[in-house]
Amino acid sequence: QVQLVQSGGGLVQAGGSLRLSCAASGRTISNYAMGWFRQAPGKERELVAAISRSGSVTYYKSSVKGRFTISRDSAENTVYLQMNSLKPEDTAVYYCAAKSVYSGTTYYLREYDYTYWGQGTQVTVSS
């Protein structure tokens, strides 16, 4: 079983940047496909970005493509979400998630695909 601990987030002005981290313990993150989700008040949780176990394949929600970058560092056992050119509509609680997989080149899009979740971290973008 893997435990996911998130850090980063906070308050930033529109146009600014933040980096979220999701550190895994208990298992090597190399065995997991990973995703970053977010949930804004009154809205459903949505996938923002996903990365395959190998890191070779990524997916981005259209509204964040070109602004956000998901990456993974096996040595640090951590997955990151670099967020640039932030907009007020990016305001949400962000969650990292992990799915144990054999395939190294598949990412997963649905909330129910993922078994393990981080605790969530607030990102607030002021206009």
Using 0.5 Å steps for rounding, measure from the CD atom of Gln3 to the CD atom of Gln119. 12.0 Å
Show your reasoning for whether side chain to side chain contact (heavy atoms under 4.5 Å, CB included) applies to Leu18 and Leu86. CA-CA 8 Å; Leu18 286 172; Leu86 281 161; 4.1 Å; yes
Is any side-chain heavy atom of Leu4 closer than 4.5 Å to a side-chain heavy atom of Tyr95? no
Taking atom types as modelled, find out whether Asn31 and Ser100 have a side-chain donor-acceptor pair closer than 3.5 angstrom. no
Stepwise, does the side chain to side chain contact (heavy atoms under 4.5 Å, CB included) test hold for Glu44 with Glu111? CA-CA 11 Å; Glu44 293 186 352; Glu111 199 173 334; over 6 Å; no
Smallest separation among heavy atoms of Tyr80 and Asp73, with atom names: CE1-CB, 3.9 Å
Any chance you could measure Ser56, atom OG, to Ile51, atom CD1, to the nearest 0.5 Å? 8.0 Å
Roughly how far, to the nearest 0.5 Å, is the CD atom of Gln6 from the OH atom of Tyr94? 11.5 Å
For the residue pair Thr106 and Ala33, what are the closest heavy atoms and their distance? O-CB, 4.0 Å
From Thr69 atom OG1 to Leu81 atom CG, the distance as rounded to the nearest 0.5 Å: 8.0 Å
Pairwise side-chain contact, Thr78 with Ile29, heavy-atom cut-off 4.5 Å (strictly under): no
Keeping to residues at least two apart or across chains, list the disulfide (SG to SG under 2.5 Å) pairs with something in residues 5-97. Cys22-Cys96
Is there a side chain to side chain contact (heavy atoms under 4.5 Å, CB included) between Val48 and Phe68 once you walk through the steps? CA-CA 9 Å; Val48 174; Phe68 289 13; 3.5 Å; yes
With rounding to the nearest 0.5 Å, note down the distance linking CZ in Arg72 to OG in Ser52. 7.0 Å
Taking the six-membered ring for Trp, are the ring centroids of Tyr114 and Phe37 within less than 6.0 Å of each other? yes
If I compare all heavy atoms of Tyr60 with all of Lys65, which pair ends up nearest, and what's the gap? O-CE, 3.8 Å
Please walk me through it: do Ser17 and Met83 pass side chain to side chain contact (heavy atoms under 4.5 Å, CB included)? CA-CA 5 Å; Ser17 297; Met83 305 184 293; over 6 Å; no
Calculate, to the nearest 0.5 Å, the distance between atoms CD and CG belonging to Gln82 and Leu20 respectively. 9.0 Å
By salt bridge (Lys or Arg N to Asp or Glu O under 4.0 Å) - contacts of Arg38 (at least two apart): Glu46, Asp90
Closest heavy-atom contact between Tyr32 and Arg27? OH-CG, 3.5 Å
Heavy-atom nearest pair, Val2 first then Ala24, reads CG2-CB, 3.7 Å
So Tyr59 and Leu47, do their side chains get closer than 4.5 Å, heavy atoms only? yes
Does a side chain donor of either Gln122 or Thr124 reach within less than 3.5 Å of an acceptor in the other side chain? yes
Of all heavy-atom pairs between Tyr107 and Thr58, which one has the smallest distance, and what is that distance? CE2-O, 3.6 Å
